[in-house]
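Computed from a prediction, not measured in an experiment: that's the story for all the values here. All chains are named by letter (A, B, ...) in the order of the sequence lines, taking the proteins before the strands, and each is independently numbered beginning at 1.
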Amino acid sequence: MACRGSGVQIPSAPRMDIESTHDAHAAYDFAYVQEKWLPVWDQVQPFKSGRTDDKRPKKYVLDMFPYPSGDLHMGHAEAYALGDVIARYWIQKGFNVLHPIGWDAFGLPAENAAIKRNEDPKIWTYENIAVQKASMRRFACSFDWDRVFNTCDPHYYRWNQWLFLALYERGLAYRKDSAVNWCPDCQTVLANEQVVAGLCERCDTAVTKKKLNQWYFKITDYADRLLDDMAQLEGKWPEKVLMMQRNWIGRSTGANVSFVIEGHKEPVTVYTTRPDTLFGATFMVVAADSELAAQLVVGTGVESEFGTYLGKIKADSDIDRLATDRPKTGVFLNRFAINPVNGAKLPIWASDYVLADYGTGVIMAVPAHDQRDLDFARAMKLPVTVVVDTGEEDPNVSGVATVGDGTLINSGALNGMNKADAITSINAQLEADGAGHSARNYRLRDWLVSRQRYWGTPIPIIHCPSCGEVPVPIDQLPLVLPQAEGLDLKPKGSSPLGAATDWVNVLCPKCSAPAKRDTDTMDTFVDSSWYYLRYPSSTNHDEPFSKGDLQTWLPVDQYVGGVTHAILHLLYSRFFTKVLHDMGMLDFNEPFTRLLNQGMVVMDGSAMSKSRGNLVRLSDELERHGVDAIRLSMVFAGPPEDDVDWSDVSPSGSVKFLSRAWRLSGDVKSAPGVDFTKGETTLRKATHKALHDADFAVESFRFNVAVARVMELVNATRKAIDSGPGASDPAVREAVEAIAIMLSLVAPFTAEEMWERLGHQPSVARAGWPVVDSKLLVADVVTAVVQINGKIKDRLDVEPTISDADLEAAALARPAIASALVGSTIIKIITRAPKIVNIVINS
RNA sequence: GCCCCGAUAGCCCAAUGGCAGAGGCAGAGGACUUAAAAUCCUCCCAGUGUGGGUUCGACCCCCACUCGGGGCACCA
């Protein structure tokens, strides 16, 4: 226990009897220091954000709020350590910082736990919230605790309902029958975004299709803006996330072309990205499970064959569908379409390789220039017509469709054109003939928001036999969940709310006839799609957020969270923001100005899990090495967006460094307030350079580099005390104070302890970033390099202000250079004072 | 199959186109110590995945490839 009793003065904090059992790094007693400062901070409240009259410029730092499933783990620790660096940095830089936290508290794990424990999901949820909250406090998260909320609280979810109705009014929330993703294990529907490679993202069960009437949000209305507004985020969000969202939205441009069908009244419109290949269409394929297929088959005599085929493909799961190299199947519908450009008769087939819910659910097949069509043509012995000569082998022979650019052939007026010209030309012609027009399509589908589970926001709609869908009147919100007690929460394919008879049966608000409430609950992603708007107004019970609060704080300046939410949460949040903007409620259209995706904490190269046996428990690590060392290890391990492999980091190395820094604070001999300008210049320069560099590194998210700069300064200060100007030089105090302030971003307990030992009042978190003296950033001497043909031949020390001409002359005067130049001709000399001279010679 | 990102010392990672090494881990030696721990000091190690190109000069820019990670995937 080296330092517990070694003259450390602890004025007011109660002295706790905590025996450290960690002799390995007993340099200073982190457990004692942690217990000492927590109650002090509870009083000082260094992270209470400024109120409306605060004059400082604002910064809104947001960490993705946690789902309360047990205690915090290593991943939380990393995310919150990183968010803390940014929030604490901005506070030191003089900003009015809002750094809130809350809980994403609705969701299936609570419901599953409730079923197992036979109790209300809220009990498990609130227990876990309490545990996580206590852990966050111990982890010294710089949250403003006044703004906390939980999404499962009616005070929060009433605004989900309010927003649902607002969307409903604008036609952005609607119900439709559709074949939806169904997870047989969770017994609920899933949004497209929640299906990963055909599996439920939550439980990895193979997702099946089920025809259901469900609520949707019309996110597709915003597809173009979601895509185009990403220009604002360029350079501020990780490129990877923008790329993933672009892929997900999947905009394509092409043309809709209308085909007359023989013996059928209505023409059929197909969507194609290759209108230039229209002359190469040799057949048409309609999605077998589409409405259109069912219509077209009527009266053709192949109804039963079609029916058999349809039954077979419906039995296939998504997994089967997704299998690559799956042989093409289909059935000829005994009908023909007429190609509008050349009058050719195209046989119409039904197949499952065409998707019912993309484009128009029917395609023109151009087997020569589309691999899928070619595979189908070869399987069904259909003709292949080449219309673009790409110089490659004939697809008829090779079996490989040619998709590149080339010269149009067999295409009437298009012959001789390239792809781009042909597209322009044919689009114009189609338009003139009334046979088509250019068009766009999206991969993005509307957001399915109904869920057949209990622990979520009830959908505020009443179904009346005579009035139809009737919104719950706004003044009756929140529509609170019925008591879980007495309800069977076990998943059974329909919502448990249906069994809450007293709750379900209501009178229609319009006609007062007996009616029924909608029994589904909302996808919990609805909760998180707008929660960042709620923090500034979290205690406002009259509106979801107030204009004044929004003006003060929004948009979020810095969002921090895992890349796992790259599509789902971030896309939905952007969508909500745009909708609310259109409703006149927000004056910005992107919610998160900057985004940082932290990596995962892994062990020995793979994700930590109990079953793998490589789980590292956060609480164990905190116990062994202390909060600061764990935070420091996370931040120092590498760039924040990289994964941290816990087997590569050395928490005990962090403890060692923190002890080293802490020890400096006890060595300082000068008094607080001493004039730093009287300090020794070499150390002062090191201090100011460290401050400057750390500042730059933090701004650019290179926190590991910022820490390295502090380590350097600690080393320099140690040297100054032991073998330099000595502990009483003002420069030493300046350096150690700077170290404490910089360390406060990462290691708050150590920094606070240092700050106190330096004779200051808490809290170091609000000490302010020292002003860098730019005069001290200029080195006394610079080593210039002399190169000949780019190879280093000599070095010389010069003044940093030396001119190009002087440096060049000095370089040429060096004996080593002079002799190296003998017998060669100087072609040119490139000089960049004070760093380099490169002499280009011809020898 | 298509797209994106990465590759620097035994390991984790730094280097506005200008001295490849800031920092750390691990390792070696030394000082202090009766000894150990702790502490302090010193040292060791790569020429930047491969092959080309641009440039006075390339870890950095361009092209091709190898390997690793990620995303999308019958979206017409």
Side-chain angles (χ1 to χ4, degrees), chain A residues 2 23-27 196-197 238-248 250-252 254 270-274 277 285 287 321-326 328 351-355 357-366 369-373 375-376 441-445 563 566-567 599 605 632-633 636-639 641-645 647-654 656-657 659-660 663 693 696-697 702 704-715 718-719 722-723 782-792 794-795 827-832 835-841:
Chain A
D23 289 328
H25 18 72
V196 179
E239 189 46 46
K240 184 177 164 184
V241 174
L242 297 177
M243 194 257 313
M244 284 166 73
Q245 293 214 356
R246 266 185 219 110
N247 276 348
W248 190 261
R251 180 163 71 194
S252 75
V270 304
Y271 172 73
T272 176
T273 55
R274 292 295 303 275
T277 61
V285 187
R321 274 186 71 100
L322 286 168
T324 47
D325 299 337
R326 187 161 174 259
K328 293 279 185 285
S351 172
D352 67 346
Y353 90 89
V354 171
L355 305 177
D357 60 350
Y358 183 80
T360 55
V362 52
I363 62 156
M364 65 175 212
V366 185
H369 308 297
D370 183 289
Q371 191 59 47
R372 297 154 301 183
D373 296 346
D375 292 343
F376 191 82
N441 251 306
Y442 305 88
R443 215 191 73 107
L444 182 71
R445 305 292 200 274
V563 74
I567 297 173
L632 178 68
S633 300
F636 185 57
E641 59 274 12
D642 288 5
D643 287 349
V644 175
D645 195 324
S647 61
D648 289 334
V649 308
S650 168
S652 57
S654 297
K656 215 163 86 179
F657 163 69
S659 304
R660 235 164 108 74
R663 225 174 299 119
D693 290 359
F696 182 66
R702 286 144 58 241
N704 53 325
V705 178
V707 170
R709 291 291 100 83
V710 183
M711 289 175 166
E712 250 177 304
L713 183 57
V714 166
N715 292 343
R718 180 81 262 154
K719 202 166 274 181
D722 292 348
S723 55
V782 178
T783 303
V785 176
V786 187
Q787 301 178 335
I788 293 175
N789 286 348
K791 300 271 185 298
I792 294 158
D794 201 5
R795 298 165 216 275
I827 297 170
K828 68 170 155 177
I829 301 177
I830 293 104
T831 307
R832 297 280 180 276
K835 288 174 131 181
I836 198 159
V837 179
N838 188 13
I839 303 162
V840 185
I841 61 171

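When the C1' atom is used for both B/C44 and B/G57, the distance is 30 Å, rounded to whole Å. Between the P atoms of B/A22 and B/G27, the separation comes to 23 Å (whole Å). Comparing B/C59 with B/U16, their P atoms are spaced 13 Å from each other, to the whole Å. Comparing B/G10 with B/G47, their P atoms sit 8 Å apart, to the nearest whole Å. For the P atom pair drawn from B/C74 and B/G17, the interatomic distance equals 41 Å after rounding to whole Å. Using P as the reference atom, B/A38 and B/U48 are 38 Å apart when rounded to the nearest Å. One P atom belongs to B/C41, the other to B/A58, and the distance between them is 38 Å to the nearest Å. Taking the P atoms as reference points, B/C2 lies 35 Å from B/G18, given to the whole Å.
Proximity note for A/R443 (side chain, C-beta onward) versus B/A22, B/A73, B/C74: the nearest is B/A73. Comparing B/C74, B/A76, B/G71 against the side chain of A/V354 picks out B/A76 as the nearest. Of the candidate nucleotides B/A22, B/C13, B/A76, B/A22 has the atom lying nearest to any side-chain atom of A/E712. Listed candidates were B/A76, B/G18, B/A14. Nearest to the side chain of A/I836 is B/G18. Among the nucleotides B/A76, B/C13, B/C56, the one closest to the side chain of A/L355 is B/A76. Of the candidates B/C13, B/G23, B/A76, the closest approach to any side-chain atom of A/F636 belongs to B/G23.
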Using salt bridge (Lys or Arg N to Asp or Glu O under 4.0 Å), reason through A/R445 and A/D357 one step at a time and then give a plain yes or no.
CA-CA 9 Å; A/R445 305 292 200 274; A/D357 60 350; 3.2 Å; yes

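With rounding to whole Å, A/D375 atom CG is found 16 Å from B/A76 atom P. Atom CG of A/N789 and atom P of B/G18 are 19 Å apart (whole Å). Computed from coordinates, the A/I830 CD1 to B/C56 P distance equals 7 Å when rounded to whole Å. At whole-Å resolution of the value, NZ in A/K656 and C1' in B/G23 are 13 Å apart. Per the geometry, CD belonging to A/E641 stands 16 Å off P belonging to B/C12, to the nearest Å. Put simply, CZ on A/R832 is 10 Å from C1' on B/G57, counting in whole angstrom units. Atom OH of A/Y358 is separated from atom C1' of B/A73 by 13 Å (rounded to the nearest Å). To the nearest angstrom, C1' of B/C41 lies 9 Å from NZ of A/K719.
A close approach under 4.0 Å does not occur between any side-chain nitrogen or oxygen of A/N715 and OP1 or OP2 of B/C41. Side-chain N/O atoms of A/K240 include none lying less than 4.0 angstrom from OP1 or OP2 on B/C4. Taking side-chain N and O atoms only, A/N704 has a distance below 4.0 Å to OP1 or OP2 of B/A14. Taking 4.0 angstrom as the limit, A/R246 places none of its side-chain polar atoms (N or O) nearer than this to OP1 or OP2 of B/G71. Side-chain nitrogen and oxygen atoms of A/R663 include at least one within less than 4.0 Å of the OP1 or OP2 phosphate oxygen of B/C40. Contact annotation: A/R702 side-chain N/O to B/A15 OP1/OP2 distance is under 4.0 Å. Listed pair A/R660 / B/C40 meets the phosphate criterion, a side-chain N or O lying under 4.0 Å from OP1 or OP2. For A/S647, no side-chain nitrogen or oxygen approaches OP1 or OP2 of B/C11 to under 4.0 Å.
Counting heavy atoms from C-beta on, the side chains of A/S351 and A/F376 come closer than 4.5 Å. Inter-residue side-chain proximity for A/I830 and A/V837 is flagged as unmet; no heavy-atom pair is nearer than 4.5 Å.
Donor-acceptor pairing under 3.5 Å, judged by distance alone, is present between the side chain of A/R709 and the base of B/A22. The base of B/G18 lies close enough to the side chain of A/Q787 for a donor and an acceptor atom to sit less than 3.5 Å apart. Side-chain to base pairing of A/K835 with B/C19: no donor and acceptor N or O lie closer than 3.5 Å to each other.
Under the Watson-Crick and G-U wobble criteria, each requiring two contacts below 3.5 Å, nucleotide B/G27 is paired to B/C43. With a cut-off of 3.5 Å on both Watson-Crick or G-U wobble distances, the partner of B/U54 is given as none. B/G6: Watson-Crick or G-U partner is B/C67, with both key distances under 3.5 Å. Across all strands shown, B/A37 forms no Watson-Crick or G-U wobble pair with both key distances under 3.5 Å.
Residue A/T783 is classed as a base contact, given a heavy-atom separation below 4.0 Å to a base. Residue-level contact check: A/N838 touches the bases, meaning some heavy atom is under 4.0 Å from a base atom. Using a 4.0 Å heavy-atom distance criterion, A/I792 is classed as a sugar-phosphate-only contact. Among the atoms of the strands shown, base atoms are found under 4.0 Å from some heavy atom of A/K328.
Donor-acceptor pairing under 3.5 Å is lacking for the side chains of A/R832 and A/N838. Side chain to side chain, A/S252 and A/T273 fail the donor-acceptor criterion of an N or O pair below 3.5 Å. Side chains of A/D375 and A/Y353: no donor on one and acceptor on the other come within 3.5 Å.
The line from CD1 of A/I836 to OG1 of A/T831 is 9.5 Å long, rounded to the nearest 0.5 Å. Within the model, atoms NZ of A/K240 and CD of A/Q245 stand 13.0 Å from one another, a figure rounded to the nearest 0.5 Å. From A/I363, atom CD1 reaches atom OG1 of A/T272 across 8.5 Å, with rounding to the nearest 0.5 Å.
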